[in-house]
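Structure record follows, encoded as structure tokens.
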Amino acid sequence: MGTLSFWHILVVAAVVVVVFAHRRLPAAMGALGALIGHWRRSAKGPRPRRDDGVIEGTFTRRDE
């Protein structure tokens with residue numbers, strides 16, 4: 001028997017996560033994906049605003 005290496009501990013941790021947290025794992029991965037997406041969007045800088053000629057707060061009624 002040898003000592004525990006990093007890979008042994010990693011495999012044991014992965015098995016524990018799969019066995020005990022299988023219900024929460026998809027939500028955690030979704031949150032991680034959203035966090036990475038948010039980080040990537042913020043790293044690009046602010047998005048330019050689209051000027052479509054609409055004045056904010058006005059409402060035009062169209063009677064048909």
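Throughout, numbering of the chain's residues begins at 1 and tracks the sequence.
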ILVMFWY network linking Trp39 to Leu35, side-chain heavy atoms under 4.5 angstrom | no
Cluster check Phe20, Leu25: I/L/V/M/F/W/Y, side chain < 4.5 angstrom | no
Who else is in the cluster with Trp7 when I, L, V, M, F, W and Y are joined by side-chain contacts under 4.5 Å?
-> Phe6, Leu10
Qualifying residues under side-chain hydrogen bond (donor to acceptor under 3.5 Å, both in side chains), relative to Ser42, sequence neighbours excluded = none
